[in-house]
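Have a look at this one.
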Amino acid sequence: MRVSQLFNVTLREAPAEAEVASHQLLVRAGFIRQLAAGIFSYMPLARRTLTKIENIMREEMNAIGGQEMTMPVVHPADIWKETQRWYQIGSEMGRFKDKNNRDMVLAMTHEEVVADIVRKDIRSYRQLPRLIYHIQTKWRDDPRPRAGLIRVREFTMKDSYSLDADWEGLDKQYRAHYQAYFNIFHRCGIPVIAVKSDVGMMGGQMAHEYMYLTPIGEDTLVLCDNCGYSANRQIAFFQKTPPAPEEPLPAEKVYTPNAKTIEALANYLQVPKQKTAKAVFMVATLPAEDGGYKDTFIFAIVRGDMELNETKLANTLKAKDLRPATEEEILATGAVPGYASPVGLKDVPVIVDDLIPQSPNLVAGANEEGYHLKNVNYGRDYQANIVADITAAQDGDACIRCGAPLRTARGVEVGNIFKLGTRYSDAMGCTFLDKDGVEKPIIMGSYGIGSGRLMACIAEEHHDEKGLIWPITVAPYQVEIVSLGGQQSEKVQQVAGHLYQDLQNQGIEVLYDDRDESPGVKFMDADLIGIPIRLTVSERTVQQDSVEFKRRDQEEKRLISLSEVYATVKEEIDRLHQAIQAKVVEVPFEG
RNA sequence: CGGGGUGUGGCGCAGUACGGUAGCGCACCGCGUUUGGGACGCGGGGGUCGGCGGUUCAAGUCCGCCCGCCCCGACCA
């Protein structure tokens, strides 16, 4: 492609709203243009990179037996009602009515469609196992898109769905994806780790997220450098060290003016935070007896030095939804915000962290403005409805497996794999007859990777102050030819033009900057766009029957003779591919 | 949804305090010069100042309401 013909505009400055490097550079280099919050156009250069990313996905999916298909973006709401997700999912779901006033859904994901196809077409164990996938646009009306392509509302995702007759089959497909996903990310040039994750609204038995570690990430991960334990902070387990036992002391009411936070309380009473109990008020949406849901006020207690983990609490309660209580709701229960106490509280479910019963003589609220109770002891002074692990792992906590200090890090979720089990099969009646003629539910798994987000993470990982530096496997073009003074020198123009033709004829993807621009402009644009190999043709080089060779990821330039250009370019492309391939390794399964 | 910010030509910004009829850099078009790291000269084109309403002789500027976008949080297969 000649740059003079390319539908692409580079920007000297990034729009003010672009903050992270991948967003700024992808916009400046002309890869993406924003239409609305979280809605982007992918320009020709981006399309080429996305196609390469998607082809890598295809190769890896096909390698584990996947079969590509395409499913609709627009669904009738009926199937989403069947699985209840029509009711369970809030404003994130795109809903509209068709001309006949029927409820319709914009696809957020395709479990329902898969299940609908499967229940109609699969009848026998002979048709299992199967693995299908598609690469499709999805819509999730995220409350807060951010960081360019990292978090968007309209996005393209490679989604695969495994269908099995038994749990062993699911496990096999799950593990195949586990490795295939590492292969995909490694081939795209980004390091990732797989962490165990919350199954969330997908339901199911097991889930891993593939995280690209970066400070701009929005998920917090808990990692053990010693044994390799890793988990999303939402579900990370850790060892809790009980304090030294103490004789329970008599409870004592103390005056604590303006001590409404743990910080202020510990400061005022001059006690360490771990000697205090923190009251957290939540409202949980719980399943009701009538089959519906009802909001229930929840009083959660964790030690003052710890943080409530809302995901753990929600899972403990089997809550559909969980949110902080408002001040009015707190007052309505008879508790006093800032001075709330589990002691003497009635008719409110109390959930305490499992470390609380082992922590004697804590300071808790007195349910009276300006007063706390010292020496509150679980069991003697109050009881809980549930004792469970509801606190969040923090930096330095002990690893659940080996006891070494845990580290927290930020990451972007670039992919996930789920063992769905029979949740969708049960809801939508996906059954088959096994060898014995017994009707059984099909066992499903689902596995997703967002291609735009992946492209952004690659940009995030591979750039410098001048611009993008694409890995050879996903670069829009492999080689960029820059001609200098082509308007003045017929020779330069000829050499560059021939080189462009020759390399293309040899199957190399070439971008040829043939514009009548100053050298500075061309070099700057080349650096910004980030094609891995640059060949410069100028009066200076043609006089020596050579061109200048430079790799985008290296500073060195060297002259190579025209007769050796193809061989050198080929060799360097192979070398770049080999370096990537060397990273595609087997990763032990961490179940 | 809560908190904060922001909106002036394609991009980056000034002008708003103190109301007087819109400006700078880059980009774009034409001509000429220039050509190894974002050139120069001359001449051009392009803006309902986010929207609506109000105050005023006069509103980019003051007042009210609304909207978009960005950041933090909540939320998130």
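Below, chain A is the first sequence line, B the second, and so on; all start at residue 1.
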For B:U35, the Watson-Crick or wobble counterpart (both distances under 3.5 Å):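 Per the H-bond distance test, none.
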Base-pairing assignment for B:U16 (Watson-Crick or G-U wobble, both under 3.5 Å): none
Mutual orientation of the aromatic rings belonging to A:F281 and A:F299 [parallel < 30°, tilted 30-60°, perpendicular > 60°]: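 Answer is tilted, since the angle falls between 30° and 60°.
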A:R233 and A:D219, any side-chain heavy atoms less than 4.5 Å apart: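 SC-SC contact between A:D219 and A:R233 ruled out.
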Distance-only polar pair, side chains of A:Q136 and A:D159, donor-acceptor under 3.5 Å: no
Distance between C1' atoms of B:G73 and B:G38 (Å, rounded):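 Here B:G73 and B:G38 have their C1' atoms 40 Å from each other.
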C1' spacing across the pair B:C49 / B:U61, given as an integer number of angstrom: 10 Å
Neighbour count above 12 (heavy atom, 6.0 Å) for A:E490 CD: no
Reference residue A:F31; test ring-ring contact (aromatic ring centres under 6.0 Å, His included); the match among A:F40, A:W470, A:Y42: A:W470
Counter-base of B:C42, judged by Watson-Crick or G-U geometry with both distances under 3.5 Å: B:G30
Main-chain N/O of A:P72 paired with A:H110 side-chain donor or acceptor, under 3.5 Å: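 Yes.
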Sidechain-backbone polar pair: A:T568 side chain, A:E564 backbone, donor-acceptor under 3.5 Å: yes
Sugar-phosphate, base or nothing in reach of A:Y447, heavy atoms under 4.0 Å: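 Touches nothing.
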Whether A:Y447 and A:Y181 hold their rings parallel, tilted or perpendicular, with breakpoints at 30° and 60°: perpendicular
Gap in Å between the two C1' atoms, one belonging to B:C62 and one to B:A58, rounded: 13 Å
Integer angstrom distance from the C1' of B:A59 to that of B:G15: 14 Å
Nearest-angstrom distance from the residue atom CZ of A:R85 to C1' of B:C76: 13 Å
Pairwise P distance, B:C72 and B:C65 [rounded to whole Å]: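 Per the computed distance, 28 Å lies between those P atoms.
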Pairwise P distance, B:G50 and B:G60 [rounded to whole Å]: 10 Å
Between the protein and nucleotides 66-74 of chain B, are there any N/O to N/O pairs under 3.5 Å, and if so, what are the atom names and distances?
unit_1	atom_1	unit_2	atom_2	d
B:C69	OP1	A:A37	N	2.8
B:C69	O3'	A:Q34	NE2	3.3
B:C70	OP1	A:Q34	NE2	3.2
B:C71	OP1	A:A147	N	3.0
B:C72	OP2	A:R144	NH1	3.0
B:C72	OP2	A:R144	NH2	2.9
B:C72	OP2	A:R146	NE	3.4
B:G73	N7	A:R144	NE	3.4

Expected output: side-chain A:K81 to main-chain A:Y87 donor-acceptor under 3.5 Å: no
Whether A:H208 and A:Y174 hold their rings parallel, tilted or perpendicular, with breakpoints at 30° and 60°: tilted
Pairing partner (Watson-Crick or G-U wobble, both distances under 3.5 angstrom) of B:U6: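 Paired with B:U6, as far as the under-3.5 Å criterion goes, is B:G68.
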Span that lies between the C1' atom of B:U6 and that of B:A14, in whole angstrom: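 To the nearest whole Å, 16 Å.
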C1' atoms of B:A22 and B:G9, separation to the nearest Å: 11 Å
Base-pairing mate for B:A74 - Watson-Crick or G-U, with both contacts under 3.5 Å: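 Check on B:A74: unpaired, no WC or wobble geometry under 3.5 Å.
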Letter per nucleotide, 5' to 3', of nucleotides 32-39 of chain B [B base touched, S only sugar-phosphate touched, - untouched; heavy atoms, 4.0 Å]: ---BBBBS
